[in-house]
Visitor: 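Next up is a structure, given as structure tokens.
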Amino acid sequence: MAKRVVITGMGIVSAIGVGKDAHLCALMKGKSGVGKIRYLQTKHTDIPIGEVKMSDDEMKLLLGIAPESVITRTPLMGKIALKEAMQDSGITDASRVAFINGTTVGGMEKSEKYYMDFFEGKKTDYIAAHDCGAGTDMIAETFGKFDLITTLSTACSSAVNSIIMGGDLIRSGRVEAAIVGGAESLSKFHLNGFNTLMILDRKVCNPFDAQRNGLNLGEGAAYIVLESEESAKTRNANILCELKGYGNACDAFHQTASSPTGEGAYLAMKKALEDAGLNSEQIDYVNAHGTGTGNNDLCESVSIQRLFGEKIPHFSSTKSFTGHATSAAGGIEAVISILALLNDFVPGCCQFQSPIEETGLVPVKGCLKNVNLQNVMNNSFGFGGNDSSCIFSKIR
Amino acid sequence: MRIFIRSAAQISIQNPLCDEWFENPIFYSQTHNRSIDPDFKSFIPIMEARRMGRVMKRAIVTSKSVIPEENRATLDAILTGTGLGSVEDTEKFLNALLKNDEEMLPPSNFMNSTHNTIGSIIALNFKCHGYNLTSAHRGTSFDSICFDAYLQFLKGAKNILVGGHDEMTADYFALFDQIGFWKKEPFTADTLKESSTKGTFAGETAVSFWLSAEDGGDSLCSILGVDLLYKPSQQRLQESLDTMLAQSGLTRDDIDAIVLNCNGDVENDTVSREVAEAILPNVQQLYYKHLFGDSFTMSAMGLYISAVCLHRREIPAHLIYRSGAGNKRPRTFLLHNHYQNKDHSFMLLSV
């Protein structure tokens, strides 16, 4: 019998605020964090994005880091979320704890700024801060001590894959606790990348709507503390919920587009259900990947219909609140899913009007309160068909 | 648990897709070196290859070389370690972005710039819907993904493709040169061993392994344990090794060699030697980066050369870093890797 993995803490920063209380409040009130560009330096000022409403310097101040210190934006957000998660869990000694971080853009937001300087021997401290692992390293240094750390990079599903690897680590008995999730800052590089793919909405995105017109990029960081049930009980930790199961599958269809049958998404969700030992009727809410692009939302809807048949659970995408925080998205949405689970509410698609013709699926509109949630599913899909899903359940 | 390495293939600055480095290694004295590529045409249709950068083409070739056709679609996992992904695509997009002031950009370079493109292109080629994961954690990117492979086998996986892939473009080389990654003074493979200066020389990595829960009768060797550690104390390293040995029913006396990541950088090598002397004093020490150069995933080559040596039950003299105790016909190796003395890894291998 595999070890039971529980969640004993979480921390989050995104476009809708800093900390889980701010998130709960914004989600309940239906307050979106997507808006006009304020911090990112780009000429595409007409594209709305979900920025964390703090400059690098303000984050340094919040963290007590010297203004002149060399650090990119991703680890700044990561440190804020990690601190909250650690405090929330009550873990004071991380020397036997794993830290698994999902990220893809790395230090690009500084590299694109200083790239030409680098070749002239200026700002060279940021060269070593460019790669994905560098960001993880800087976040981990907040506490100085972890037993092992690593970085996973599967684009937009990176953070859910961190949750999966953390679950496997605890089930294997290698560690008793793992802090997992992701961090990603906006960059001119990927804003332009998504723009060339012509999938950025010029308004706040409208996931699962027939008139949807693309996604809004976002940024942020979120971590959850996974722990073996024994360890959590031994130290009298506050157990929030259980990580019941998870699945990862590859669509193996196209480098950026999803297959019309939603094969990868379907398999990831199906594996998660099997791993959790649940049947599809037991899922009460799906926090969908729901980016707002024509392709993703149709394929995800098809895969949801394939898995759930006639009995479609409540589902919604919270990306119209946070924007699509790419590698951090799965972490942010894991925290949101857990907040929903613990507070028995479903955050809705705030602008939804008409269902996608092919599937007719209607997501939750507005905030649905006083729903009895037992099991919630969190989907995250990435470029290359890297699809992952995980399930959180109330402790009975 | 025993994980069998059923086959392995490499493209590097040594002759590709073979083991000529064993008898006739090529020695380098330049700091920037690019891999000797095989003829991609015999592996990838020309039209398809045109859309791929080098790092992806190499990944496809080494992956196809190790996984028989009938096993490709049914792999339980495709696992990729890469420190930087397709640098070529990332640079093309970044340069266009800066040059064209955020206009008229090439979408394909952006699509290929994410690290997981390598693993997903393999999955696409293999029509494999299995678990697919990419690790990008500096010098332990490959070690991290091997660690995940170990976890997948614990969960009952039968067949897994694991790869380590990194390229080094001229521009990235120049950037790393700015921060002292490469040797400033002349060097040879021999002088690297006694080097008292910072820096190493660059290579590129494309190594793939077919790992299996079953022997199949033709395995190169087997992996008995994998562990990752962050800023470990000497005591923590000892503990990790002891746990791994105990789980395998072995003792330190069974280890015929420790394979180190020594690359001629005095700071890197001092750490490696200190670890070796602390955990396995007197045991012979091997190295490989003097033949292959360095990259974020060069530890994959450490696994590669170890698997070949154990399969042949022979250690070529040019791999010996420090001579010491150990069977002339080796059975068991311990691989140690570290990155800047922060991330450390162990892998225990046996015939």
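Convention: sequence-line order gives letters A, B, ...; per-chain numbering from 1.
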Visitor: Strictly under 6.0 Å, is that where the ring centroids of A:Phe118 and B:Tyr172 end up?
Guide: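 Ring centres of B:Tyr172 and A:Phe118 not closer than 6.0 Å.
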Visitor: Nearest heavy-atom pair of B:Asn159 and B:Phe153: which atoms, and what distance?
Guide: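 Closest approach of B:Asn159 to B:Phe153, heavy atoms only: N-CE2, 4.3 Å.
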Visitor: Heavy-atom pairs under 4.5 Å with chain A are the metric here; pick the option from B:Asn95, B:Leu154, B:Asp101, B:Asp343 that has the most.
Guide: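 Top option by heavy-atom pairs under 4.5 Å: B:Asp101.
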Visitor: Could you tell me which portion of B:Ile121 (side chain, backbone, both or neither) has an atom closer than 4.5 angstrom to a non-hydrogen atom of chain A?
Guide: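 Just the side chain, heavy atoms under 4.5 Å.
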Visitor: So which of A:Ser172, A:Ser158, A:Gly135, A:Ala155 has the biggest tally of heavy-atom pairs under 4.5 Å with chain B?
Guide: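 Maximum pair count with chain B is reached by A:Ala155.
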Visitor: Counting heavy-atom pairs under 4.5 Å to chain B, which of A:Leu148, A:Asn248, A:Thr196 comes out on top?
Guide: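 Of the candidates given, the most pairs with chain B belong to A:Asn248.
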Visitor: Below 4.5 Å from any heavy atom of chain A, which atoms of B:Ala174 appear? Answer side chain, backbone, both or neither.
Guide: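 Interface part for B:Ala174: side chain.
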Visitor: Do we see a donor-acceptor contact under 3.5 Å between the side chains of A:Glu184 and A:Thr326?
Guide: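 Yes.
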Visitor: Looking at A:Asn101 and A:Thr151, would you say the former's side chain and the latter's main chain have a donor-acceptor pair under 3.5 Å?
Guide: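 Such a contact is absent between A:Asn101 side chain and A:Thr151 backbone.
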Visitor: Any donor-acceptor pair under 3.5 Å linking the side chain of A:Asp131 with the backbone of A:Ala134?
Guide: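 It does hold such a pair.
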Visitor: Count the heavy-atom pairs under 4.5 Å between each of A:Thr124, A:Ile149, A:Thr256 and chain B, then report the option with the highest count.
Guide: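 Result: the option with the highest number of such pairs is A:Ile149.
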Visitor: Name the region of B:Leu175, side chain, backbone, both or neither, that has any atom closer than 4.5 Å to a heavy atom of chain A.
Guide: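 Both parts, backbone and side chain.
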Visitor: Can you tell which of A:Gly385, A:Ser388, A:Ala128 has the highest number of heavy-atom pairs within less than 4.5 Å of chain B?
Guide: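 Greatest number of close heavy-atom pairs with chain B: A:Ala128.
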Visitor: Does the B:Glu167 side chain pair with the main chain of B:Glu88, one donor and one acceptor, at a distance under 3.5 Å?
Guide: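 It does hold such a pair.
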Visitor: Quick one: of B:His344, B:Lys127, B:Lys342, who has the most non-hydrogen atom pairs under 4.5 Å with chain A?
Guide: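 Highest number of heavy-atom pairs under 4.5 Å: B:Lys342.
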Visitor: Most heavy-atom pairs under 4.5 angstrom with chain B, which of A:Thr103, A:Asp147, A:Asp251, A:Leu152?
Guide: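 The candidate making the most pairs under 4.5 Å is A:Asp147.
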Visitor: Could you tell me which residues in residues 264-274 of chain A have at least one non-hydrogen atom under 4.5 Å from a non-hydrogen atom of chain B, sorted by residue number?
Guide: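 Near chain B, by residue number: A:Leu267, A:Lys271.
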Visitor: If only side-chain N and O atoms count, and only distance matters, is there a donor-acceptor pair under 3.5 Å linking B:Ser86 with B:Asn112?
Guide: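 Their side chains do not contain a donor-acceptor pair, so the 3.5 Å distance test is not met.
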Visitor: Output yes when a side-chain donor or acceptor of A:Ser187 lies under 3.5 Å from a complementary backbone atom of A:His190, and no otherwise.
Guide: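 Checked: pair present.
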Visitor: Please state whether the side chain, the backbone, both or neither of B:Tyr339 comes within less than 4.5 Å of a heavy atom of chain A.
Guide: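 No part of B:Tyr339 comes within 4.5 Å of chain A.
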Visitor: When only pairs under 4.5 Å are counted, which of A:Thr104, A:Asp137, A:Asn161, A:Leu197 shares the most heavy-atom pairs with chain B?
Guide: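 Heavy-atom pair counts peak at A:Asp137.
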Visitor: I need the single residue from B:Asp294, B:Thr82, B:Val55 that forms a side chain to side chain contact (heavy atoms under 4.5 Å, CB included) with B:Asp166. Which is it?
Guide: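 Considering B:Asp294, B:Thr82, B:Val55, a side chain to side chain contact (heavy atoms under 4.5 Å, CB included) with B:Asp166 is found only for B:Thr82.
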Visitor: Where does B:Leu84 contact chain A at under 4.5 Å (heavy atoms): side chain, backbone, both or neither?
Guide: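 Answer is side chain: those atoms of B:Leu84 sit under 4.5 Å from chain A.
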Visitor: Using only heavy-atom distances, determine whether the side chains of A:Thr154 and A:Asn386 contain a donor-acceptor pair under 3.5 Å.
Guide: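 No, no side-chain donor-acceptor contact under 3.5 Å.
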Visitor: Please state whether the side chain, the backbone, both or neither of B:Asn109 comes within less than 4.5 Å of a heavy atom of chain A.
Guide: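 Contact with chain A: none, neither part.
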Visitor: By a 4.5 Å heavy-atom criterion (distance strictly below it), what part of A:Phe194 contacts chain B: side chain, backbone, both, or neither?
Guide: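 Both parts, backbone and side chain.
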Visitor: Quick one: do the B:Thr114 and B:Thr117 side chains pair a donor with an acceptor below 3.5 Å?
Guide: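 Yes, side-chain donor-acceptor contact under 3.5 Å.
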Visitor: Does the A:Glu176 side chain pair with the main chain of A:Ser228, one donor and one acceptor, at a distance under 3.5 Å?
Guide: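 Not at all, since once roles are kept as given, no pair shorter than 3.5 Å links the two residues.
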Visitor: By a 4.5 Å heavy-atom criterion (distance strictly below it), what part of A:His130 contacts chain B: side chain, backbone, both, or neither?
Guide: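 For A:His130, side-chain heavy atoms alone lie under 4.5 Å from chain B.
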Visitor: If I measure from the heavy atoms of chain B, does A:Leu169 come under 4.5 Å with its side chain, its backbone, both, or neither?
Guide: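 Its backbone and side chain both get close to chain B.
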Visitor: Below 4.5 Å, heavy-atom pairs only: which of B:Leu228, B:Ile179, B:Leu94 has the largest tally toward chain A?
Guide: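 So the answer, after comparing B:Leu228, B:Ile179, B:Leu94, is B:Leu94.
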